Amino acid sequence: MSAASASASASASAPADGHAPAAAPAPAAAPAVDLTSVFVRLKLSLIRNGLKGSSKRKAAYFTSLALSLAVACLAMIGLAVLHGNAHAGTVVVLLAAILALGWTFMPLFFPSGDETLDPSRLVMLPLRPRPLVRALLASSLVGIGPLFTVCLAVGSVVAVARGAAGIVAAVVAVPLLVLGCVALARAVATANVRLLTSRKGRDLALLSGLLIAIGAQLANFASQRLFQSGGLAQLEPAEAVVRWLPPATAVGMVDSASEGAYGVAAGQLALTVLALVLLLRFWERSLTTLMVTPDGSTIAAAKPTGKRESAPGAGAWAFLPGGRTGAVMQRTLRYVVRDPKTKSAWVTALAVGVIVPVFNALQGTGSLYLACFGAGMLGVQMYNQFGQDTSAFWMVAQTISTPREAFEELRARAYALALVTVPYTVVLTTLTAALVHDWSGYPAALGVALALLGSMLCTGALASARLPYSIPTDGAFKNVAPGQAGLAWAGIFGGMLASAVICSPVIALTVFLNVTDQQSLTWILLPLGAAWGTFTAWAGLRLAAPTVARTLPEILLAVSKG
């Protein structure tokens with residue numbers, strides 16, 4: 001096209017008034033996104049989507065919600081009833097401290113309970129730490145736990161609020177206490193998120209059952225001692241210290257304002273707010289560090305150190321016998337050391353087995369025969385022997401083709417169990433006898449414990465052969481695959497009842513000798529109980545071996561289901 005024609009075209013397209021054409025309107029700016037509302041909706045979506053497609057999940061969620069609300073309402077009513085009691089302030093301040101302690105450490109024990117506890121999933125998003133803190137804090141207030149905390153907080157302040165000043169302080173204290181608890185959980189979880197998502201973190205979560213069991217026994221022991229030694233007045237010195245530890249200071253502020261100590265209440269309010277601000281700052285710094293620090297997956301693998309793996313039969317394993325027996329024993333014991341779920345079950349059984357007889361002895365209500373509880377706890381570990389192998393059991397199944405090979409496999413597993421449980425039972429019975437000062441009954445109690453242990457090895461082998469079930473590897477607290485809960489209950493509780501029946505001859509003889517006051521003959525129960533336990537364990541292994549060899553494909557299918 002020529003220049004003249006181009007000029008003519010431009011003149012024709014120009015407006016008649018000679019003005020230049022108006023510029024195209026600029027695109028509208030994108031509306032600002034409220035990060036807090038996005039995260040709250042995200043949390044609600046996670047809850048809603050987690051309930052889709054599974055009636056069991058819905059039933060479990062709504063059942064837990066109903067139970068939590070029922071307990072929270074009862075606790076709130078119970079705390080409100082304390083209004084006007086002389087020790088109400090002591091109770092609610094200590095309760096606030098326990099509540100904060102639970103919020104602090106429960107994320108470490110149950111990291112899989114809330115998927116939003118892992119902010120490392122957000123590292124690739126263009127988010128700044130401070131708005132992210134606000135958004136995560138708001139989303140953390142959605143759930144059963146915060147609702148339960150609100151109910152306890154309301155009940156606590158109602159118990160101590162008196163007068164206009166107390167009511168005003170109560171209105172301020174409830175959100176401060178809830179925010180302090182939630183911020184504690186988030187800050188601790190963020191600071192330890194790399195631990196929680198590692199193998200050690202999963203071990204820590206699985207060992208939470210042990211700490212809960214110990215804590216329950218300690219609480220039981222402390223409550224009995226408390227009511228025997230003067231009641232709640234004994235807690236006042238501890239409460240005087242705890243009321244100055246945030247976030248329990250929020251409840252202490254209400255108590256102080258109700259009593260007219262306005263200066264003390266102002267100090268506790270300032271301490272609560274300061275602690276919350278510092279906690280949020282710490283959380284923000286932890287988020288910043290998490291967002292900019294590479295984890296192990298982005299760092300090149302370390303150079304080999306030159307150290308070689310020790311030989312299978314060297315070191316601590318040198319005392320094991322050779323051949324198949326030693327190899328199976330070593331594999332079983334390595335499960336105890338390395339597999340998180342097996343380790344959790346063993347450590348919990350060992351600890352609880354000691355706690356029950358020892359704590360009862362310290363309270364003056366102990367019995368030497370409570371040492372049998374420890375033998376029973378460890379005997380349960382024989383149940384579902386093949387399930388602990390999970391899908392790797394197919395490698396073991398390749399080595400079993402005859403009843404004799406099945407017997408050798410089961411026998412070696414029983415040997416590995418007895419290697420720990422027999423010395424443990426002897427030591428526990430000795431300790432219990434020393435605490436209850438009953439050495440005359442020591443042979444009988446140890447004999448009954450050994451007979452019970454052998455009986456449970458017997459029924460455990462039979463249950464492993466006839467009622468195997470899968471142990472899932474994905475969830476920290478999923479110990480039975482879906483649809484196999486009936487097998488687990490039948491195997492464990494049916495086996496325990498059968499063990500009591502098998503052990504009944506030794507128990508009956510023990511009762512007879514004690515009732516007829518023939519204490520001089522109770523010593524025979526020790527060798528008799530050991531012999532009976534050995535015989536019943538051998539008989540159970542012999543009876544279970546043909547079943548294992550015959551139904552090996554069914555066992556493999558059952559234990560690999562998860």
Side-chain angles (χ1 to χ4, degrees), residues 72 75-105 137 140-141 145-146 148-188 219 222-223 225-227 229-284:
M76 183 170 59
I77 294 173
L79 291 171
V81 170
L82 290 176
H83 185 79
N85 188 283
H87 301 293
T90 301
V91 172
V92 297
V93 169
L94 292 178
L95 177 62
I98 295 173
L99 192 63
L101 195 65
W103 272 94
T104 303
F105 292 105
L137 183 62
S140 300
L141 297 174
F148 186 83
T149 305
V150 169
C151 293
L152 291 184
V154 171
S156 298
V157 298
V158 169
V160 293
R162 297 184 303 276
I167 294 175
V168 172
V171 173
V172 177
V174 170
L176 286 178
L177 177 60
V178 176
L179 289 174
C181 290
V182 175
L184 267 173
R186 281 290 183 176
V188 172
S223 61
R225 288 290 181 181
L226 179 65
F227 290 107
S229 59
L232 295 174
Q234 301 295 318
L235 296 176
E236 291 181 357
E239 183 269 341
V241 176
V242 171
R243 67 168 47 233
W244 289 99
L245 299 178
T249 46
V251 180
M253 171 192 66
V254 180
D255 191 28
S256 300
S258 300
E259 294 178 353
Y262 302 122
V264 175
Q268 291 170 328
L269 174 60
L271 186 58
T272 305
V273 174
L274 177 62
L276 181 59
V277 171
L278 293 177
L279 188 60
L280 293 176
R281 291 285 296 174
F282 170 75
W283 184 10
E284 181 182 345

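All values reported here derive from a predicted model rather than from experimental measurement. Computed over heavy atoms, backbone and side chain alike; hydrogens, waters and symmetry mates excluded.
Closest of all the heavy-atom pairs between Tyr262 and Ala257 is CE2-O, 3.7 Å. Cys151 and Ala72 get closest at one heavy-atom pair: CB-CB, 3.6 Å. For the residue pair Ala185 and Trp103, the shortest heavy atom distance occurs at CB-O, 3.2 Å. Between Val160 and Val251, the closest heavy-atom pair is CG2-O, 4.5 Å. For Ser140 against Pro146, the heavy-atom pair with the smallest separation is O-CG, 3.1 Å.
Rounded to the nearest 0.5 Å, atoms CG (Leu82) and CD1 (Ile77) are 12.5 Å apart. Distance check, rounded to the nearest 0.5 Å: CG of Leu152 to CG of Leu79 gives 6.5 Å.
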Less than 3.5 Å apart, which donor and acceptor atoms pair up between the side chains of residues 166-177 and the rest of the protein, not counting sequence neighbours?
none

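Qualifying side chain to side chain contact (heavy atoms under 4.5 Å, CB included) partners for Leu179, counting only residues two or more places apart in sequence or in other chains: Leu137, Leu141, Leu276. By the salt bridge (Lys or Arg N to Asp or Glu O under 4.0 Å) test, Glu284 pairs with Arg130, Arg281, sequence neighbours left out. For Phe282, the side chain to side chain contact (heavy atoms under 4.5 Å, CB included) partners two or more places apart in sequence, or in a different chain, are Ala187, Ala191, Ser286. A search for side chain to side chain contact (heavy atoms under 4.5 Å, CB included) contacts involving Ala275 returns Pro246, not counting sequence neighbours. Scanning for side chain to side chain contact (heavy atoms under 4.5 Å, CB included) contacts around Leu94 gives Thr90, Leu235, Glu239, Val242, with sequence neighbours left out.
Between Leu99 and Ser156, the closest side-chain pair of non-hydrogen atoms is not below 4.5 Å. Contact annotation: the side chain of Val254 approaches that of Ser258 to within less than 4.5 Å [non-hydrogen atoms, C-beta and beyond]. A 4.5 Å side-chain heavy-atom check between Val93 and Trp244 finds every atom pair outside the cut-off.
Within the structure, salt bridge (Lys or Arg N to Asp or Glu O under 4.0 Å) contacts touching residues 250-271 (residues at least two apart or in different chains) are Arg243-Asp255. Residue pairs meeting the side chain to side chain donor-acceptor pair (under 3.5 Å) criterion with at least one member in residues 265-275, sequence neighbours excluded: Thr249-Thr272, Ser256-Gln268.
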